Structure formats: C-alpha cells, structure tokens
Protein chains: 2
Amino acid sequence: MPRRPSTTLTEAELRVMQVLWKQGPSTVAEVVERLAPEVPLAYTTVLTTLRILEEKGHIDHTKQGRAHRYHTLLDRGEARRSALRFMLDRFFDNSPSLMMVKLMEEGDLDLEEIRRLREALARDEEPKVKGS
Amino acid sequence: MPRRPSTTLTEAELRVMQVLWKQGPSTVAEVVERLAPEVPLAYTTVLTTLRILEEKGHIDHTKQGRAHRYHTLLDRGEARRSALRFMLDRFFDNSPSLMMVKLMEEGDLDLEEIRRLREALARDEEPKVKGS
DNA sequence: CTATACTTACTAATGAATCAGTAATAAAAG
DNA sequence: CTTTTATTACTGATTCATTAGTAAGTATAG
C-alpha cells in the first residue's frame with residue numbers, strides 16, 4: 001500500500017504560498033526571485049508548483065501582459081489556525097498555555113511586545129463575564 | 001533533479017516520536033495500539049518507522065523479553081524549538097508576539113492560565129534592568 | 001526437547017512530491 | 001508581417017516516504 005496523499009500544504013507548496021502571502025499577487029518570475037537566495041529553483045519548477053496549487057484551488061490567476069499573476073484564495077488566517085492546531089497536538093499536548101510559555105522562552109520579546117501582550121491577556125480575561 | 005531528502009522529522013516519524021514522548025519507552029505493539037484509533041497501521045509498518053528513526057539516531061532500544069523497547073534520544077524541547085522556529089518563519093513573519101496573539105484567539109485559555117501567563121510576562125519585563 | 005507464538009530483519013511495491021526540460025504559444029519589438 | 005523573446009503547458013525523470021509482506025529468529029509453553 002502506498003502513502004496517503006497529503007491533506008495539508010506540502011513543503012514546496014507552502015514555500016510558494018508564503019511568498020504570495022508576504023508580497024501579494026506575484027508572477028512566476030517574482031516568486032522565483034524571492035525564493036532564489038534561500039532555495040534556487042528552476043523557473044519551470046515554480047511554475048509547476050503554482051499549477052498544482054491552482055488545481056487544488058488554493059490560488060487563482062489573472063492575465064498580465066503575456067504572464068500570469070497569481071493570487072491566493074486560501075486564507076492565511078485559516079492556514080495559521082490549522083498550523084497552530086497541528087503544533088498543539090503534536091508538540092504541546094494540546095495545551096495552549098504550555099505553548100505560550102515556550103514561545104515566550106524562545107522569542108525574546110521586547111518591552112513593547114510584552115506590554116501589548118499583557119493588554120491582550122487582560123482583554124481576554126474580561127469577556128468571560130456574562131451580563132451586567 | 002530529484003527532491004531533497006527531508007532534514008526534519010517526516011509525518012510518519014513524528015507520529016511515532018509523539019507516542020514515545022507521551023507514553024515513554026514503548027514496544028512496537030504498544031505504539032501500534034496507541035496509534036490504532038487514529039491511524040490503523042500494520043505492525044511491520046510501525047516497526048519499519050522505528051528502525052528508520054533508530055538509523056537516524058533519534059531513538060534507541062533495549063531488549064525486553066523477545067521484544068525491543070524503544071527510547072527517545074531526540075529531546076522533545078529541541079524538537080519543539082525547531083518546530084516553533086519553522087512555524088514562526090512560515091506563518092507568522094518571525095513575530096513571536098503575533099503568534100502568541102493568534103494562539104490566544106484560537107486556543108481558549110481558562111482564567112487560571114491567563115493569570116499565570118500574565119505573571120510570567122510581568123517577570124519577563126523585570127530582568128531587563130541591569131544592576132541595582 | 002518440541003511446538004507454538006510473537007518479534008524482528010529484510011525486501012519490495014507503489015504512489016507522492018519535487019524538480020526540470022522541451023515544445024507550444026503569445027506578446028512585444030523591429 | 002516577421003522575428004525575437006518571454007511565458008506557459010505538457011511531460012518525464014528521479015527518489016523519497018510510506019506501507020506492508022515474507023522469512024528468519026527467539027523466547028515461552030507444554
């Protein structure tokens with residue numbers, strides 16, 4: 001029996017989606033250029049990945065001169081949520097607070113970020129109170 | 001040109017590591033049993049994955065009767081860190097605080113957890129001051 | 001000691017994913 | 001209109017990852 005086809009974005013697909021999310025609708029050449037320093041890929045390789053993403057319904061394209069300009073359809077927020085759920089399940093025993101703690105340890109937050117997070121946490125504490 | 005071999009744990013490998021991390025040193029049968037409800041896999045499939053993990057140096061085994069009992073060598077904390085780094089890069093523009101905010105929105109923290117997190121953040125704010 | 005049951009070791013099959021080349025196409029330049 | 005050039009569409013190669021079967025080995029039970 002073979003492996004099952006992946007339900008989530010594959011590594012190559014994710015790499016490309018990331019570019020589209022970050023720099024907005026892009027042509028093949030623009031994606032290649034952005035990826036080049038990190039992962040040098042042939043023009044047609046990226047083209048193929050974009051075609052697959054389009055087949056899967058994650059992106060779209062419009063004509064732009066003789067080229068195609070690709071737009072994301074898959075919402076980044078949704079992708080983030082499913083990624084977070086995966087991480088919680090696989091690495092943090094489904095404990096959001098444990099994950100929060102580890103994040104705090106990992107990324108050194110500057111004072112401004114800490115202040116904003118404390119405010120966000122304070123806001124989180126409020127809406128729990130119903131009525132009055 | 002072929003695909004590059006993956007540097008991180010693959011999906012199947014991660015699934016097995018997760019079991020070993022959660023329930024401690026286990027035999028093949030124990031791993032299969034734990035995985036069964038979620039993903040029914042043949043005994044030998046899990047055995048193969050364990051062999052690969054051992055070849056890669058991520059786990060170890062000791063004899064137990066006629067069976068092998070597998071132990072993790074790869075530290076879970078280290079795996080968590082590299083997973084977090086990957087997530088930060090791919091989904092959260094390398095902003096830990098952004099990731100934390102999204103995590104707060106997603107995983108509902110209970111009041112007790114929020115309180116502890118606020119304390120932890122408060123402590124994080126202090127050590128920045130050098131001397132006196 | 002022999003038979004039984006369980007476990008491992010080895011091997012193979014298969015499709016998934018990734019990478020890229022060649023041919024066709026369409027726009028742009030002359 | 002013709003030539004050049006950029007781009008896409010199609011196709012193929014490669015190997016990785018996953019799955020599991022068969023044979024060999026080893027402990028346990030009778």
Side-chain angles (χ1 to χ4, degrees), chain A residues 1-20 25-71 74 86 90, chain B residues 1-20 25-71 74 86 90:
Chain A
M1 200 187 273
R3 69 197 292 188
R4 310 185 222 297
S6 91
T7 57
T8 54
L9 293 172
T10 67
E11 175 57 25
E13 288 168 3
L14 186 54
R15 219 160 41 200
V16 168
M17 287 302 289
Q18 182 194 21
V19 171
L20 295 183
S26 312
T27 62
V28 177
E30 285 162 6
V31 174
V32 170
E33 193 182 17
R34 176 68 171 261
L35 251 32
E38 209 189 334
V39 190
L41 290 173
Y43 187 96
T44 52
T45 299
V46 174
L47 179 64
T48 299
T49 304
L50 285 164
R51 182 171 48 71
I52 292 168
L53 281 168
E54 192 159 23
E55 277 168 14
K56 292 189 176 178
H58 297 316
I59 62 175
D60 209 1
H61 78 265
T62 53
K63 277 221 133 184
Q64 173 98 349
R66 76 187 111 184
H68 290 175
R69 182 163 293 277
Y70 292 89
H71 307 75
L74 179 63
F86 179 85
R90 277 285 154 37
Chain B
M1 200 186 276
R3 66 197 294 188
R4 307 185 223 297
S6 89
T7 57
T8 53
L9 293 172
T10 66
E11 175 57 26
E13 288 167 4
L14 186 54
R15 219 160 41 200
V16 168
M17 288 300 290
Q18 182 193 20
V19 171
L20 296 182
S26 313
T27 62
V28 178
E30 287 162 4
V31 174
V32 170
E33 194 182 16
R34 175 68 171 259
L35 250 34
E38 210 189 333
V39 190
L41 290 174
Y43 187 96
T44 52
T45 299
V46 174
L47 180 65
T48 300
T49 304
L50 285 164
R51 182 170 49 70
I52 291 168
L53 281 168
E54 191 160 24
E55 277 169 13
K56 292 189 177 179
H58 297 317
I59 63 175
D60 210 0
H61 78 265
T62 53
K63 276 220 133 180
Q64 172 99 349
R66 74 188 112 183
H68 290 174
R69 183 164 290 279
Y70 292 89
H71 310 260
L74 180 62
F86 180 84
R90 279 285 151 46

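Letters A, B, ... mirror the listed sequences (proteins, then strands); counts begin at 1. For clarity, every value in this text was computed on a predicted model and none was experimentally measured. Just the heavy atoms: all of them, side chains too, but no hydrogens, waters or symmetry mates, feed the values below.
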S.K.: Identify which nucleotide among dC19(C), dT8(D), dA20(D) has an atom closest to any side-chain atom of L41(A), counting heavy atoms from C-beta outward.
M.R.: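 Selected nucleotide (nearest to the side chain): dC19(C).
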S.K.: Touch check for T48(A), heavy atoms < 4.0 angstrom, all strands: base, sugar-phosphate only, or nothing?
M.R.: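 Base, at least one base atom sits under 4.0 Å.
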S.K.: Nearest to the T44(B) side chain among dT8(D), dG21(D), dC19(C), which nucleotide is it?
M.R.: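 My answer, after comparing the listed nucleotides, is dG21(D).
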S.K.: Look at all strands and tell whether T49(A) reaches a base, only sugar-phosphate, or nothing, counting heavy atoms closer than 4.0 Å.
M.R.: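 Touches nothing.
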S.K.: Indicate whether OP1 or OP2 belonging to dA17(C) is found under 4.0 Å from a side-chain N or O atom of R15(A).
M.R.: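 For dA17(C), neither OP1 nor OP2 has a side-chain N or O of R15(A) closer than 4.0 Å.
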S.K.: Kindly assign one of parallel, tilted or perpendicular to the pair H68(B) and H61(B), based on the angle between their ring planes and the thresholds 30° and 60°.
M.R.: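 Correct class here is parallel.
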S.K.: Below the 4.0 Å mark, does dT19(D) have OP1 or OP2 next to a side-chain nitrogen or oxygen of T45(B)?
M.R.: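 Answer is no, no contact under 4.0 Å.
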S.K.: Expressed in angstrom and rounded to an integer, what is the separation of E13(B) atom CD from dA17(D) atom C1'?
M.R.: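 Rounded to whole Å, this separation is 8 Å.
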S.K.: Rounded to whole angstrom units, what separation is found between the CZ atom of R69(B) and the P atom of dT8(C)?
M.R.: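 Going from R69(B) (CZ) to dT8(C) (P), I get 11 Å.
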S.K.: Could you check R66(A) against I52(A) and say which one's nearest nucleotide on DNA chain C is further toward the 5' end?
M.R.: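 Here I52(A) is the residue nearer the 5' end.
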S.K.: Pick from V28(A), V31(A), L53(A): which one makes a side chain to side chain contact (heavy atoms under 4.5 Å, CB included) with Y70(A)?
M.R.: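 Among V28(A), V31(A), L53(A), the one that satisfies the side chain to side chain contact (heavy atoms under 4.5 Å, CB included) with Y70(A) is V28(A).
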S.K.: I want to verify a distance call: between dT18(C), dT18(D), dT8(D), whose nearest atom is closest to the Y70(A) side chain?
M.R.: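 Comparing dT18(C), dT18(D), dT8(D) against the side chain of Y70(A), the answer is dT8(D).
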S.K.: Taking the nucleotide of DNA chain C with the nearest heavy atom to each, does L47(A) or K63(A) sit closer to the 5' end?
M.R.: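 Closest to the 5' end, via its nearest nucleotide, is L47(A).
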S.K.: Do the side chains of E38(A) and R15(A) get close enough for a salt bridge, i.e. N-O under 4.0 angstrom?
M.R.: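 No, this pair does not count.
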S.K.: Check the distance between dC10(C)'s P and H68(B)'s NE2 and give it to me in whole angstrom.
M.R.: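 After rounding, the gap between these two atoms is 11 Å.
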S.K.: In whole angstrom, give the distance that lies between atom CG of L53(A) and atom C1' of dC19(C).
M.R.: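 Rounded to whole Å, this separation is 15 Å.
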S.K.: If you assign T10(B) and R51(A) each to the DNA chain D nucleotide with the nearest heavy atom, which residue ends up on the more 5' nucleotide?
M.R.: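 This one resolves to R51(A).
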S.K.: Please report the closest heavy-atom contact between T49(A) and E13(A), naming both atoms and the distance.
M.R.: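 Looks like CG2-CA, 4.0 Å.
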S.K.: Any carboxylate oxygen within less than 4.0 angstrom of a Lys/Arg side-chain nitrogen, looking at E30(A) and R34(A)?
M.R.: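 Here E30(A) does not pair with R34(A) in a salt bridge, since their nearest N and O are not under 4.0 Å apart.
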S.K.: Quick one: which of dT11(D), dT8(D), dC19(C) gets closest to the side chain of A67(A)?
M.R.: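 Nearest nucleotide to the side chain: dT8(D).
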S.K.: When you measure from the side-chain N and O atoms of Y43(A) to the phosphate of dT8(D), is any distance below 4.0 Å, counting only OP1 and OP2?
M.R.: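 True: Y43(A) side-chain N/O within range (under 4.0 Å) of dT8(D) OP1/OP2.
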